[in-house]
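Reckoned from all heavy atoms, side chains included, excluding hydrogens, waters and symmetry mates.
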Amino acid sequence: MFPLQDPAPVTRQRVADQIVEDLRTRILDGSLPDGSKLPAERELAAHYDVSAPTVREAIRVLTAMGLIRMRNGARATVTAQGGSLLALSISSVVQFEKMQVRDVLGLLGALNAYAAELAAQHATDAELAEFKATAARTLQTGDTPRMIADLKAFFDQLADMSHNPLLTALCRCITEIQLGLTAKVAGSGRDGLSGNGSGGDGSGQDGAGRDGSGRDGFGAVAASVAETRVEIADALADRDAIRAVSLVREYHRRVVDRVQSLPRAKELAESDPGLRQALAGWLNENVRLAGAEPRQR
């Protein structure tokens, strides 16, 4: 419960901003954990010795920051989830700077390479054994959602084994972007676009992004680097940081090249060089404040 008996001093200059900062500090230091309820507007006004409109202004700011959620007739609820806040920040920078897909995914390669370096030093034997099992699972074919889940587990575990919380959060966030965007550009799965092009572009894939084996675009990309995932796990099991880092960098370089060679990606790139709009569109559809309603597509 909010400690009403211990109010922070509030002056009359920019009162709402001071309330925002006090509540923000309490949320981020855990005094107001995720899921907790703020006191009613009347209690907050009495607590800070301000008017109700001033409290409402502060609440609106905290809502816009993604730290709380308001519902009609209910008290404000804290929604401070680190992953959601980080994803929103990254999404904002990517869209504001009009970044290209290669720039974002290139960053993921660098981050995962650092995660591999740290994992070789700090991962436990049990973590490495589980990671090898996960790498083996990614060799299995399935529908796109299943493959996305397996690949996400692989890279999430790689990030976790770094034992660096900030690096882990960054890797997890950008991995989600890579997997979702690849599925969209490949024209497959729940995040995909319909592939209506014709074959014969020399890529070895038909207009829907399928290769000669019948795999869809996402499956073809995942399969093209499947053995490399196993090699990464083997290198880490041997505590060979240099080889693991090299394999991770090579893996991401090949994935970016393969995604950009997909028929649908080539089609999009004709009007959207660097796939900036495709990237921004995926972020708009999938990155939102914690507790926000999904956007209609």
Side-chain angles (χ1 to χ4, degrees), residues 20 24 27-28 34 61-69 78-119 148-149 151-186 189-193 218 221 245 248-249 251-253 255-257 259-260 265 268-269 272-295 297:
V20 167
R24 175 181 173 275
I27 290 170
L28 296 181
D34 182 43
V61 173
L62 290 166
T63 301
M65 293 170 69
L67 295 176
I68 64 173
R69 181 180 67 244
V78 176
T79 56
Q81 299 174 7
S84 176
L85 295 173
L86 179 62
L88 188 65
S89 297
I90 290 175
S91 174
S92 299
V93 172
V94 168
Q95 294 182 74
F96 182 76
E97 297 293 344
K98 298 180 175 57
M99 295 180 67
Q100 298 185 33
V101 166
R102 183 174 288 274
D103 295 330
V104 177
L105 302 191
L107 174 61
L108 178 59
L111 292 171
N112 275 335
Y114 184 40
E117 179 183 348
L118 294 180
I148 288 176
L151 291 170
K152 186 174 185 305
F154 176 84
F155 284 106
D156 284 355
Q157 286 178 24
L158 174 61
D160 290 344
M161 289 190 301
S162 74
H163 293 269
N164 180 317
L166 179 57
L167 179 61
T168 296
L170 287 166
C171 289
R172 282 174 171 264
C173 177
I174 304 180
T175 292
E176 188 87 22
I177 295 173
Q178 181 189 53
L179 294 173
L181 183 66
T182 300
K184 178 173 182 174
V185 172
R190 60 188 177 189
D191 293 315
L193 299 172
F218 186 92
V221 173
V245 167
V248 168
R249 290 186 182 278
Y251 178 97
H252 283 286
R253 184 192 66 76
V255 166
V256 172
D257 288 345
V259 169
Q260 293 190 324
L268 290 170
D272 179 18
L275 301 180
R276 292 183 176 91
Q277 294 176 21
L279 175 58
W282 187 89
L283 292 170
N284 276 327
E285 292 170 1
N286 294 277
V287 178
R288 61 188 65 87
L289 297 173
E293 296 297 326
R295 296 182 177 93
R297 301 188 183 186

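Among all heavy-atom pairs drawn from Val248 and Gly109, the shortest one is CG1-O, 4.0 Å.
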Could you pull out every donor-acceptor pair under 3.5 Å between side chains of residues 96-108 and any protein atom, sequence neighbours left out?
| from | atom 1 | to | atom 2 | distance (Å) |
| --- | --- | --- | --- | --- |
| Arg102 | NE | Gln260 | OE1 | 3.4 |
| Arg102 | NH2 | Asp257 | OD1 | 3.0 |
| Arg102 | NH2 | Gln260 | OE1 | 2.7 |

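Between the CD atom in Gln157 and the OG1 atom in Thr168 there is a gap of 12.0 Å [rounded to 0.5 Å]. In this structure, NZ in Lys184 is found 15.0 Å from CG in Leu179, a value given to the nearest 0.5 Å. Atoms CG and CD1, on Leu111 and Ile174 in that order, are 5.0 Å from each other to the nearest 0.5 Å. Tyr114 OH to Leu118 CG: the interatomic distance, rounded to the nearest 0.5 Å, is 4.5 Å. To the nearest 0.5 angstrom, Leu283 atom CG is 9.5 Å from Ile90 atom CD1.
Partners of Asp272 by side chain to side chain contact (heavy atoms under 4.5 Å, CB included), not counting sequence neighbours, listed by chain and number: Leu275, Arg276, Gln277, Ala278. With sequence neighbours excluded, the residues forming a ring-ring contact (aromatic ring centres under 6.0 Å, His included) with Tyr251 are Phe155, listed by chain and number. Take Ser91 and apply the side-chain hydrogen bond (donor to acceptor under 3.5 Å, both in side chains) test, not counting sequence neighbours, and it matches Gln95. Checked against salt bridge (charged side-chain N to carboxylate O under 4.0 Å, His left out), Asp156 has the following partners two or more places apart in sequence or in another chain: Lys152, Arg172. Glu117 meets the salt bridge (charged side-chain N to carboxylate O under 4.0 Å, His left out) test with no other residue; sequence neighbours excluded.
The closest donor-acceptor contact from the side chain of Ser162 to the backbone of Ala159 lies under 3.5 Å. Between the side chain of Asn112 and the main chain of Ala115, no donor-acceptor pair closer than 3.5 Å is present.
Contact check for Leu85 versus Leu67: side-chain heavy atoms found under the 4.5 Å cut-off.
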Worked check of side-chain contact (heavy atoms from CB on, under 4.5 Å) between Leu151 and Phe218: CA-CA 11 Å; Leu151 291 170; Phe218 186 92; 3.8 Å; yes
Residues Ile27, Ile68; criterion side-chain contact (heavy atoms from CB on, under 4.5 Å); working and verdict: CA-CA 9 Å; Ile27 290 170; Ile68 64 173; 4.0 Å; yes
